[in-house]
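Single-structure report; data block below.
The sequence lines fix the lettering, A, B, ..., with proteins before strands; numbering per chain opens at 1. Keep in mind it's a predicted model, so treat the numbers as computed, not measured.
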Protein chains: 2
Amino acid sequence: MSTKSRREQIHDVASQLFSERGYHATSMRDLASQLGMQGGSLYAHISSKEELLVEIVDQAARQFDDALMPLKDADMGPEDKLREAMRRHLEVVTHNLESATVFFHEWKHLSPDAYKKVTDWRDTIDRLYRELVQEGIRKGVLRADLDVKMTAYLLLSAVNWTYTWYRPGGTLDATSIANHFADMLLVGLRTEPR
Amino acid sequence: MSTKSRREQIHDVASQLFSERGYHATSMRDLASQLGMQGGSLYAHISSKEELLVEIVDQAARQFDDALMPLKDADMGPEDKLREAMRRHLEVVTHNLESATVFFHEWKHLSPDAYKKVTDWRDTIDRLYRELVQEGIRKGVLRADLDVKMTAYLLLSAVNWTYTWYRPGGTLDATSIANHFADMLLVGLRTEPR
DNA sequence: CCTACCGATCGGTAGG
DNA sequence: CCTACCGATCGGTAGG
């Protein structure tokens, strides 16, 4: 795919290096040499190192938003909606493993404005998962004695932590991971009925 | 507690700064100024910046080991053992939030030897959780149709991801988080029986 | 996109 | 533990 603009190429290599080594441990000269150019030449295409980080993080956030937010008003049962949220969430993580890793690890290094956008975004996603849980309880599909906040954290743990162990090319894809997790979470690990 | 050696004080401040800003974004002068000394003076107490990182990460790993490994041969039922593992795991995370954060985020920046120790350690913990799950299945306490690997990942997600949202001083402690998570995981979120 | 360079800052050392 | 300093490297710029 050599149709990619030079800017996109820089963006891709930056995702890769930032996710592997971290933002501060990656120099602009590292980046440039991976692209076969000199350090200073990068600035013909971008204006600063932080601009790159902001773009990677923003793009990751947008992917999560585009995948998850339409579910709010989706016409589905609570269980299907929860399963679909996990599936889509995991699709974003597994299909954008590098930018997702940068998103989870490097957002601390953003300047105040971009930093705030990320924390706001996190709150939005938290809220979405809490609403899904609440809706499930209200409609009698999820147990009424659940702590909504803790339940949302548990769901988010499962889908987010995946970036630490998932490696592409294996037999697992987002859908099968989501099915595994949702089955365990909804039905429980124990044999003994309650 | 002014009985702490200067070395321990350096270690503590390093944990704090490395967890907040990251290893590479923390300079030795940042560290020194928090301790009221000059950058160069640190080297009267330590030999290098990486030595600090290695110590923080090693200490965190040792805390997890000391808490979890004795459970392997503990004389407990599978469910209690699983609950106790989660409780102890969460106790380490919540009581050492800063070093746990450094452990989860900054181990990539270790030199090859220390790096390998961390990946080996991770495998050990993975294995422990898988054994706990396997034992639960074998003794009929956990569902026989569980995928052992995925189940272990799910458990580890819950206890590990906690470092991202837990803030000390709230009403939740390790035990109550562990109870919440274990109840949800073992019994399931759904009302409908299977 | 390259060459050549800027000031700033880095981890670390010597000598006291 | 301080002062003063080292070479190396950083992000970024100017001029072509």
Taking [atom1] from [X] and [atom2] from [N], how many angstroms apart are they, rounded to a whole number?
{"X": "A:Met37", "N": "D:dG11", "atom1": "CE", "atom2": "C1'", "result": "16 Å"}
{"X": "A:Leu31", "N": "D:dG12", "atom1": "CG", "atom2": "C1'", "result": "14 Å"}
{"X": "B:His45", "N": "C:dG11", "atom1": "NE2", "atom2": "P", "result": "18 Å"}
{"X": "A:Gln38", "N": "C:dC5", "atom1": "CD", "atom2": "P", "result": "15 Å"}
{"X": "B:Leu42", "N": "C:dT13", "atom1": "CG", "atom2": "P", "result": "12 Å"}
{"X": "A:Met28", "N": "C:dA8", "atom1": "CE", "atom2": "C1'", "result": "17 Å"}
{"X": "B:Leu17", "N": "C:dC10", "atom1": "CG", "atom2": "P", "result": "13 Å"}
{"X": "B:Leu35", "N": "D:dC1", "atom1": "CG", "atom2": "P", "result": "9 Å"}

Inset, instruction - Take B:Ser27 and A:Arg29, find for each the nucleotide of DNA chain C with the closest heavy atom, and name the residue whose nucleotide sits nearer the 5' end. - result: A:Arg29
Legend entry - Residue closer to the 5' end of DNA chain D, A:Asp30 versus A:Ser47 (nearest nucleotide): A:Asp30
Legend entry - Pairwise 5' ranking along DNA chain D for B:Ala44 and A:Glu50, keeping only the more 5' one: B:Ala44
Legend entry - From B:Thr94, B:Thr162, B:Asn160, residue fulfilling side chain to side chain donor-acceptor pair (under 3.5 Å) relative to B:His89: B:Asn160
Inset, instruction - Could you please name the option among D:dC1, C:dG11, D:dG11 that lies closest to any side-chain atom of A:Lys49? - result: D:dG11
Inset, instruction - Using the ring-ring contact (aromatic ring centres under 6.0 Å, His included) rule, pick out the option among B:Trp107, B:Phe64, B:Tyr115 that qualifies with B:Trp121. - result: B:Phe64
Legend entry - Neighbour count above 12 (heavy atom, 6.0 Å) for B:Lys108 NZ: yes
When you compare the protein's N or O atoms with those of nucleotides 14-16 of chain D, which come within less than 3.5 Å of each other, and at what distance?
none

Inset, instruction - Determine whether the aromatic ring centres of B:His105 and B:Tyr163 lie less than 6.0 Å apart. - result: yes
Inset, instruction - Taking the six-membered ring for Trp and the full ring for Phe, Tyr or His, determine whether the centres of A:Phe181 and A:Trp161 are under 6.0 Å apart. - result: no
Inset, instruction - Would you tell me if any nitrogen or oxygen in the side chain of B:Tyr43 comes within less than 4.0 Å of OP1 or OP2 on C:dT13? - result: no
Inset, instruction - Determine: side-chain N/O of B:Ser41 to OP1/OP2 of D:dC2, distance under 4.0 Å, yes or no. - result: yes
Inset, instruction - Answer yes or no on whether B:Lys49 is positioned over the face of B:Tyr23, meaning its NZ or CZ is under 6.0 Å from the six-membered ring centre and within 45° of the axis. - result: yes
Legend entry - Basic-acidic side-chain contact under 4.0 Å: A:Arg88, A:Glu91: no
Legend entry - Nucleotide paired to D:dG16 in any strand shown, Watson-Crick or G-U, under 3.5 Å: C:dC1
